[in-house]
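This report refers to the structure that appears directly beneath it.
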There are 2 protein chains.
Amino acid sequence: MKKDDISTEEKIINASIELFSEKGFDSTKTSEIAKNAGVAEGTIFRYFKTKKDILMSIVTKAIQFFSEKFIVLPLNKVLHSEKPEEEILADLLKDRYEMISKNFSIIKVIGTEALTKEKIREKLVEHVAIKTLEIGEEFYQNGIEKGIFRDLPPRTVVRSLFGSIMMLIAEQQFFPDDKKSKDVDKEISTIVEIFMNGIKSRKEQ
Amino acid sequence: MKKDDISTEEKIINASIELFSEKGFDSTKTSEIAKNAGVAEGTIFRYFKTKKDILMSIVTKAIQFFSEKFIVLPLNKVLHSEKPEEEILADLLKDRYEMISKNFSIIKVIGTEALTKEKIREKLVEHVAIKTLEIGEEFYQNGIEKGIFRDLPPRTVVRSLFGSIMMLIAEQQFFPDDKKSKDVDKEISTIVEIFMNGIKSRKEQ
DNA sequence: AATAAAAATGAGTGAGCACTCACTTGGAGG
DNA sequence: CCTCCAAGTGAGTGCTCACTCATTTTTATT
């Protein structure tokens, strides 16, 4: 009876991600995970020694996944492209946006847990944040040297861009009612526009 | 023996904020709150019916506090100032930065809980987010009409600014090691600079 | 100083829940 | 068809922890 080719372990992981992201790790009972995964409670503990192990397994797998997606992919896009910087930036933000949105449940779980668990925060910093920042800063530094970008602190620029995108995603995820995803492209273009040209009106010709 | 004029209720609240922000609501035991507050465990339940009531009391008080600080104060600063917009913006970001940093524990608690508890999220949106956004958007809209700002969607501008500041604060709070708060002023000036003038180099004269 | 009322205490209780384990089921190999 | 083992089960267990309450301590009142 190999119904769906989705392993028991995966069923448990998927159910856990969904429940952890909805209700948080502590408020999720192992009995609920079992019910949602369609397995008996005892089965969970044949695959994971403790409930916390489920969380750590999710976090570890996800961080591996993201360190690829955030680092390998953008490297190619950014460093081997002949497009104007403005477009590279828009492309980059757009597919980061999509990646984060698509995996929002799992990111929410990691983010929530990182707030109170130093170990998870460290993993996140070591495997994702530092390298992402480095690439972003390098991209900006190159732009400065090519005379495309103004000489501003790369860290600040990258951090602000990231904050802008994250707030957009947060708004869409937590309050999806108003406009939905229809003008995401426009939103991202506007953000690029703000960062490239600023908000100050330039009356002088 | 009125040692310090700090009431038992306040001692409990303060201990709770500290512990909730460090370890999260669920992982904090009432026995720990009691020890940290310097009272017996039973005393807690003379002031709060349940542990959850402590949390809700913190959240409610904090939201009241912030809806004042975020709305009344900026209204005066922003709408009755003769300074150039650039300076208003810098002032505004600076004291928002300070306010958030100073109250980071409590904001972290509310933020963490808001991620998984709809009721708290709703309160936050209703009493703080909506009005803050409105004021921000109005400020920007006025600027457009006065010809100071470019005609961009106010919501996007305000959201991005907020995201930039929040990421700065997050970095400082979670990784305070490197440079500490010494160049916060410079960071904020840079953010204002980015938003006002963009990052694109302008070679033409 | 005596009395009453309010506040504080902390050992005890029971409910909830992560985890165990003796047992059942499914299916591969002979 | 039987055997055997891995995979799965779920009632049961014990521990943790929020909450209670009978008792003690503090404060206010006369």
Side-chain angles (χ1 to χ4, degrees), chain A residues 1-61 109-110 112-113 115-117 119-120, chain B residues 1-61 109-110 112-113 115-117 119-120:
Chain A
M1 199 237 273
K2 59 164 78 175
K3 278 186 88 156
D4 221 1
D5 232 11
I6 175 168
S7 73
T8 304
E9 187 172 346
E10 278 176 306
K11 283 194 278 182
I12 295 167
I13 290 270
N14 292 340
S16 298
I17 291 172
E18 200 181 316
L19 288 166
F20 291 168
S21 99
E22 262 171 43
K23 330 178 32 168
F25 174 74
D26 290 294
S27 312
T28 300
K29 297 167 211 158
T30 49
S31 63
E32 293 176 296
I33 296 175
K35 208 196 317 182
N36 266 41
V39 301
E41 202 168 347
T43 305
I44 291 174
F45 295 96
R46 295 182 49 78
Y47 288 89
F48 304 94
K49 229 161 64 79
T50 65
K51 183 183 160 192
K52 196 160 194 186
D53 276 1
I54 307 176
L55 177 63
M56 292 318 283
S57 163
I58 291 172
V59 170
T60 305
K61 279 204 181 80
V109 172
I110 297 179
T112 307
E113 298 308 320
L115 286 170
T116 48
K117 292 179 183 111
K119 202 158 261 167
I120 292 180
Chain B
M1 200 238 270
K2 59 163 78 173
K3 278 185 87 156
D4 222 0
D5 232 11
I6 176 169
S7 73
T8 304
E9 188 173 345
E10 279 176 307
K11 283 194 280 184
I12 295 168
I13 291 269
N14 291 340
S16 298
I17 291 172
E18 200 182 316
L19 289 166
F20 291 168
S21 98
E22 263 171 42
K23 330 178 34 169
F25 174 75
D26 290 294
S27 312
T28 300
K29 298 168 210 156
T30 49
S31 62
E32 293 176 297
I33 296 174
K35 209 199 313 185
N36 265 41
V39 301
E41 202 170 347
T43 305
I44 290 173
F45 295 95
R46 296 180 46 77
Y47 289 89
F48 303 94
K49 229 161 66 77
T50 64
K51 184 184 161 192
K52 196 160 194 186
D53 275 2
I54 307 176
L55 176 63
M56 292 318 283
S57 163
I58 291 172
V59 170
T60 304
K61 279 203 181 79
V109 173
I110 297 179
T112 308
E113 298 307 320
L115 286 171
T116 48
K117 293 181 182 109
K119 202 159 260 167
I120 292 179

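So that the names make sense, note that chain A is the first sequence line, chain B the second, and so on, each numbered from 1. Values reported hereafter were calculated over all heavy atoms of this structure, with side chains retained and with hydrogens, waters and symmetry mates removed. No experiment lies behind these values; they were computed from the predicted model shown.
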Taking CD1 from B:Ile33 and P from C:dG10, how many angstroms apart are they, rounded to a whole number? 17 Å
Can you measure B:Lys52 atom NZ to D:dC19 atom C1' for me and round it to whole angstrom units? 16 Å
Could you state the atom-to-atom distance from CD of B:Glu9 to C1' of C:dA6 in whole Å? 16 Å
Whether the side chain of A:Ser16 engages the backbone of A:Ile12 through a donor-acceptor N/O pair (distance < 3.5 Å, no angle test) should be reported. yes
Ignoring the backbone of A:Lys29, work out which of D:dA18, D:dT9, C:dC17 is nearest its side chain. C:dC17
Without decimals, in angstroms, what is the distance between B:Lys49 NZ and D:dC19 P? 9 Å
Would you say A:Thr30 reaches C:dA18's phosphate, i.e. side-chain N/O to OP1/OP2 under 4.0 Å? yes
Out of D:dG8, C:dC19, C:dA8, minimum distance to the side chain of B:Thr8 belongs to C:dA8
Atom OG1 in B:Thr60, atom CG in B:Leu55: separation rounded to 0.5 Å? 9.0 Å
Have a look at A:Tyr47 and say if it touches a base, only the backbone sugar-phosphate, or nothing, with a 4.0 Å heavy-atom cut-off. sugar-phosphate
Expressed in angstrom and rounded to an integer, what is the separation of A:Lys51 atom NZ from C:dG16 atom P? 16 Å
Step-by-step side-chain hydrogen bond (donor to acceptor under 3.5 Å, both in side chains) determination, B:Glu41 to B:Ser31: CA-CA 6 Å; B:Glu41 202 170 347; B:Ser31 62; 5.0 Å; no
Please report the interatomic distance CD1(A:Ile54) to NZ(A:Lys49), rounded to the nearest 0.5 Å. 13.0 Å
Provide, to the nearest angstrom, the distance between the CG atom belonging to B:Asp26 and the P atom belonging to D:dT16. 18 Å
Classify A:Thr28 by what it touches in the nucleic acid, base, sugar-phosphate, or nothing, heavy-atom distance under 4.0 Å. sugar-phosphate
When you get a sec, tell me which of C:dC19, D:dA18, C:dT9 is the closest nucleotide to the side chain of B:Arg46? C:dT9
Can you tell me if B:Lys23 uses its side chain to pair, donor with acceptor, with the backbone of B:Lys29 under 3.5 Å? no
Starting at atom CD1 of A:Ile44, determine the distance to atom P of C:dC21, rounded to an integer number of angstrom. 17 Å
To the nearest Å, give me how far apart CD (A:Glu41) and P (C:dC23) are. 20 Å
Does the side chain of A:Thr43 get closer than 4.0 angstrom to OP1 or OP2 of D:dT9 through an N or O atom? yes
Please compare A:Thr50 and B:Val39 by the position of their nearest nucleotide in DNA chain C and report the one closer to 5'. B:Val39
Closest nucleotide among D:dA18, C:dA18, C:dG10 to the A:Phe45 side chain: C:dA18
